[in-house]
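To start, the structure under review is shown below, and the notes come after it.
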Amino acid sequence: MIKLDTTYAHCETMPEYAGKVAEIHEMLVKKTGKGNDFLGWYDWPTTYDKTEYDLVKKLAGEIREKADVFIVCGIGGSYLGSRAAIEMVQGMFPKREIEILFVGNTFSAPYIVQLLEKIKDKSVVVNVISKSGTTTETAMAFRLLKQFLETKYGKEEARSRIIATTDKVRGTLKDFATKEGYATLSIPDDIGGRYSVLTSVGLLPIAVAGIDVDAILQGALDAANTFNHPDLATNTAYQYAVCRRIMEEKGYAAEMFVSYETQLTMLAEWWKQLFGESEGKEEKGLLPASVNFSTDLHSMGQFIQDGGKCLFETLFLVEKPMLDMVFPTDADDLDHMNYLAGKSLDEVNKKACLGTLEAHHDTGNVPNLILTVPDTSAYTFGYIAQFFFIACAMSVYLLDVNPFNQPGVEVYKKNMFRLLGKI
Ligand code: PA5
């Protein structure tokens, strides 16, 4: 399903990690490692709450019936996964009636004000998502949305247009939702934000988009079963995890996630959060960066090829694109493009990929790991989400770091609260 090609990355020392990987695998299964109270995602594809899952599907159906616009109000793990899935599976210009917008992920005044302006004549439903319930970006946007809904529909109707996804039992948003009588969905205690796309956090927005969430969970289940063993020789998730560590040991500071489909740009953002927040601690870890080719070959390509040798690339390739067409011939050929006539757009894209691989690896001396998936379907999204969770945990545990906390994120918040006079 997901293939890893290490030919262009020269990870010959991989077998040396087999023993350590087997030890960490044991730690993952027995939940004995650092941050072990946040391993709920590991067997989530079998243990997920079926009643809540049915509620997600029911709510999604109702929202699709009544709303023109569905607003996801959340930040970090509370929105990146659903946005990544929706774009990956449906592309950039989906044929659906309901529009999905994201807010609560920025303090940018023009963004927020424009969004409120854009939705004023639409039928709107809001999903506020925050595990802690206290994230300022999200809480600020939600107050504005709540007041917008109450002014537009009155308090009663507004209430029926808000769904809160938050901690099951505690937190500001939980208390708020209970007092206001909002429909609520829950984030399991043992699953952190960046590991939560397969819970209600991700599944409600994804289902509202009309994507088959059963297929997503089936993909995740198949990945969980496939990578649930300690054998490094055959476990692709662990191989990818180890390759990352080998690259770091060789002196590379950054991993550049490269995709060749525009609809994977948000997947790269999700991947960056997963790896960046999980591993960037104790002055360790690779900087996760991303580019979208061929677009960024015209901006970042030069640096990747010829700049400082600080990075390796991880190509994330799709065998069969969601859509394709044949490039037409032109009788006059004034643009001199007839050499492409009869080829499909995807053939051209794949040749660009091969040419770039050759340039970056052979000429630029940049190592390239290659991950390939068959397509951009819902099933594949679920599969790779679980694949990356497992790979990330293994990779970070190999550094002897807790993959599930994010102590550094608190510092900016404290400073900001001081500057804003929050008591
Ligand atoms: O991975 C994480 O835990 C974080 O990135 C959170 O997802 C992010 O900070 C949002 O937090 P919350 O859902 O509590 O608003």
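Source: prediction; values computed, not measured. Each ligand, and each atom within it, is numbered from 1 in the order the structure gives.
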Practice task
Examine K50 relative to Y48 and say whether NZ or CZ is less than 6.0 Å from the centre of the six-membered ring and inside a 45° cone about the ring axis.
Solution key: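 Judged by the rule (NZ or CZ under 6.0 Å from the ring centre, within 45° of its axis), K50 counts as positioned above Y48.
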
Exercise for the section: Measure from NZ or CZ of R159 to the centre of the six-membered ring of Y182 and say whether it is under 6.0 Å with the direction within 45° of the ring axis. Expected result: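 Here R159 fails the 6.0 Å and 45° test against Y182.
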
Exercise for the section: Answer with yes or no whether I75 contacts ligand 1, where contact means a heavy atom under 4.0 Å from a ligand atom. Expected result: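 A heavy atom of I75 does come that close to ligand 1.
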
[atom] [closest protein heavy-atom partner, distance rounded to 0.1 Å]:
atom                    : value
atom 5 (O) of ligand 1  : Q273 NE2, 2.6 Å
atom 11 (O) of ligand 1 : T135 OG1, 3.6 Å
atom 3 (O) of ligand 1  : G193 N, 3.3 Å
atom 4 (C) of ligand 1  : E277 OE1, 3.5 Å

Which of the atoms of ligand 1 are close to [X], meaning less than 4.0 Å from one of its heavy atoms?
X    : value
Q406 : 3 (O)
S130 : 12 (P), 13 (O), 14 (O), 15 (O)
R194 : 1 (O), 2 (C), 3 (O)

Problem - Interatomic spacing from CZ in R83 to CH2 in W270 - rounded to 0.5 Å - result: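 Going from the CZ atom of R83 to the CH2 atom of W270 covers 16.0 Å.
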
Practice task
State whether E99 and K118 are salt-bridged, where the test is any N-O pair (Lys NZ or Arg NE/NH1/NH2 against Asp/Glu carboxylate O) under 4.0 Å.
Solution key: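 A salt bridge links E99 with K118.
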
Handout entry: Residues K57 and D54 bridged, charged N to O under 4.0 Å
Key =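 No.
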
Handout entry: Mutual orientation of the aromatic rings belonging to F388 and F275 [parallel < 30°, tilted 30-60°, perpendicular > 60°]
Key =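 Plane angle over 60°, so perpendicular.
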
Exercise for the section: Evaluate the ring planes of W271 and F257, with Trp represented by its six-membered ring, and classify them as parallel (under 30°), tilted (30 to 60°) or perpendicular (over 60°). Expected result: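 Because their plane-to-plane angle lies in the 30° to 60° range, the rings of W271 and F257 count as tilted.
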
Handout entry: Nitrogen or oxygen atoms of S78 and ligand 1 under 3.5 Å apart
Key =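 Yes: some nitrogen or oxygen of S78 is under 3.5 Å from one in ligand 1.
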
Problem - Under 3.5 Å: N/O of G77 near N/O of ligand 1 - result: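 Right, the criterion is met.
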
